[in-house]
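I have placed the structure first, in the form of structure tokens, so that the comments after it can refer back to it.
Labels below follow one simple rule: chain letters A, B, ... track the order of the sequence lines, proteins then strands, and each chain is numbered from 1. The basis for the numbers below is simple: all heavy atoms, side chains too, and nothing from hydrogens, waters or symmetry mates. Quick caveat, the model's predicted, so the values are computed rather than measured.
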There are 2 protein chains.
Amino acid sequence: MAKTLYIEDEKEIGQWVTEDLTGRGHDVTWLTSGNQLEQYLNNIDLAILDIMLPGLDGFSIGKRIKKANQDTPIVMLSARSAVEDKLEGLSFADDYVTKPFHPDELAARVDALLRRFQKEEGILEIRHLQIDTKSLIIINKQTEKEILLTGKQYQLFQYFLRHLNQILTKEQLYEGVWGERFMEGDKTLMVHIRYLREKIEENPAKPTIIETIRGIGYRVKK
Amino acid sequence: MAKTLYIEDEKEIGQWVTEDLTGRGHDVTWLTSGNQLEQYLNNIDLAILDIMLPGLDGFSIGKRIKKANQDTPIVMLSARSAVEDKLEGLSFADDYVTKPFHPDELAARVDALLRRFQKEEGILEIRHLQIDTKSLIIINKQTEKEILLTGKQYQLFQYFLRHLNQILTKEQLYEGVWGERFMEGDKTLMVHIRYLREKIEENPAKPTIIETIRGIGYRVKK
DNA sequence: TGTATTATTTAAATTTTGTTTAAAAATGAA
DNA sequence: TTCATTTTTAAACAAAATTTAAATAATACA
């Protein structure tokens, strides 16, 4: 299920689009401004941004998102005239839709972009694991058995896979997966790492897949 | 999390802005005058300065901050008339907001500045080291091995990278990394320098990356 | 050159951080 | 509602990082 960040200050349109896309199977987070952008930044598959917004405008938000992750597709929304005016400013955007629009149109463009940007769809192999990034099936090549994870374990593992090779701080991980502020000293994340290792590591006491970066966080390398 | 120094003598506005920015994920230090400026000088990512202040005025404080580190963005706050009067004195400032203002506006400008001033996020090469400031990965180009640092070592090294080519006093370094007052004669910092050199220098006994400036402190040159 | 000052190195003590286990609380399906 | 499963909390334990302390080395300058 694709995580979509949608920023729109007009309540009516916002609710309408959010309901429509949700009904079509997207996981939509709707914000009315870019103020809390940072906490979503590293955990989205696609962004839909209105251009005219109070505070940070859609251009700035779009550039910020691209900077954080080049591979996040962005759709800009705006009145026709505004788009024509500022076409050059849209260079970072991957598509744009002019208001007013039909929900089918937006949904079609969103789906097309997700297809185009889909992270190497297919099989990802890490050590003895074979991960199908589309169906989310994880297989242990040694035992030839499937590994089933619980909800949180899935979210956590996916977060690692989306940020392969990066050192992720505990803050990033907790905020990315739980969507809440991380409290210094909280051991919840560590316990989940432990249980995840129990399932995916050959020897959970000597983990090779989820590396501990002491004092900072964790990392999963390709 | 961006460290913001905010100087404002009006208690009510000060508390309001501090709470708002803190709620948006900034680490705000609010002072009512520039008296203790020196101790914060080298450990801030951004400054928000009211112009009208008892003692040192906002102009002088701003110039002092820029002198210490050219790369610290500064936002000035003041009544509209005052800004128009003294526009020429604002040449050092990077943005200004006139009172009264909406918190969204201040937050948006602050975020925009932080983005604009963000140190080139990417690959930095120093001698045989290759440092990716985004993924936090340091590679020794000679051995092609990754160098893993401990938490303090990371903070310390990052402090050097943020102040490349500057001679940093032991006070600055200690206060910047530990956030506490440096005690004359304390060897803690030196021991950490030693362990950091052990990991990043070709020959830790003849360091070329972290230079010792006897009687003052240390320096890392590009 | 000799002495005082400052920095480096090493090792041990202390503190912090991460792991593991178990039990309690929350969630969700039958 | 009950029962099984998942998630969170808590605490004991282990490992590693940080700090302290002391011995050694290098440098400045009288």
Contact state string [nucleotides 1-11 of chain C, B base, S sugar-phosphate only, - no protein heavy atom under 4.0 Å]: ----BBSBSBB
Protein-to-nucleotide contact annotation, 5' to 3' order, nucleotides 24-30 of chain C [B base; S sugar-phosphate only; - none; under 4.0 Å, heavy atom]: -------
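A ring-ring contact (aromatic ring centres under 6.0 Å, His included) check over residues 185-222 of chain A, counting only residues at least two apart or in different chains, returns the pairs A:Trp178-A:His192.
A:Glu202 is linked by a salt bridge (charged side-chain N to carboxylate O under 4.0 Å, His left out) to nothing, counting only residues two or more places apart in sequence or in another chain. For A:Glu125, the side-chain hydrogen bond (donor to acceptor under 3.5 Å, both in side chains) test picks out A:Gln130, A:Lys141, with sequence neighbours left out. In this structure, the salt bridge (charged side-chain N to carboxylate O under 4.0 Å, His left out) partners of B:Lys66, at least two apart in sequence or on a different chain, are B:Asp94. Taking the salt bridge (charged side-chain N to carboxylate O under 4.0 Å, His left out) definition, one finds that B:Glu19 meets it with nothing, sequence neighbours left out. Residues passing the side chain to side chain contact (heavy atoms under 4.5 Å, CB included) test with B:Gln36 are B:Gln39, B:Tyr40, sequence neighbours excluded. Under the salt bridge (charged side-chain N to carboxylate O under 4.0 Å, His left out) criterion, A:Asp132 pairs with no residue at all, not counting sequence neighbours. By the side-chain hydrogen bond (donor to acceptor under 3.5 Å, both in side chains) test, B:Asp57 pairs with B:Ser60, sequence neighbours left out.
Looking at heavy-atom distances under 4.0 Å, A:Gly185 makes no contact with the nucleic acid at all.
The interatomic distance linking B:His192 (NE2) with D:dA17 (P) rounds to 12 Å, in whole Å. Between the CG atom of B:Asp186 and the P atom of D:dT18 there is a distance of 15 Å, given to the nearest Å. What separates CD of A:Glu201 from P of C:dT20 is a distance of 10 Å, to the nearest Å. Rounded to an integer number of Å, the gap from A:Leu148 CG to D:dT6 C1' is 14 Å.
Between A:Asp186 and A:Lys170 there is no salt bridge, since no side-chain N of the basic residue sits under 4.0 Å from a carboxylate O of the acidic one.
Remark on the helix from C:dT1-D:dA30 to C:dA30-D:dT1: inter-end axis angle 40°, axes from five-pair C1' superpositions, rounded to 10°.
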Please tabulate, one pair per line, all N/O donor-acceptor pairs under 3.5 Å involving side-chain atoms of residues 208-216 of chain B, not counting sequence neighbours.
from     : atom 1 : to       : atom 2 : distance (Å)
B:Glu211 : OE1    : B:Arg219 : NE     : 3.2
B:Glu211 : OE2    : B:Arg219 : NH2    : 3.0
B:Thr212 : OG1    : B:Arg197 : NH2    : 2.7

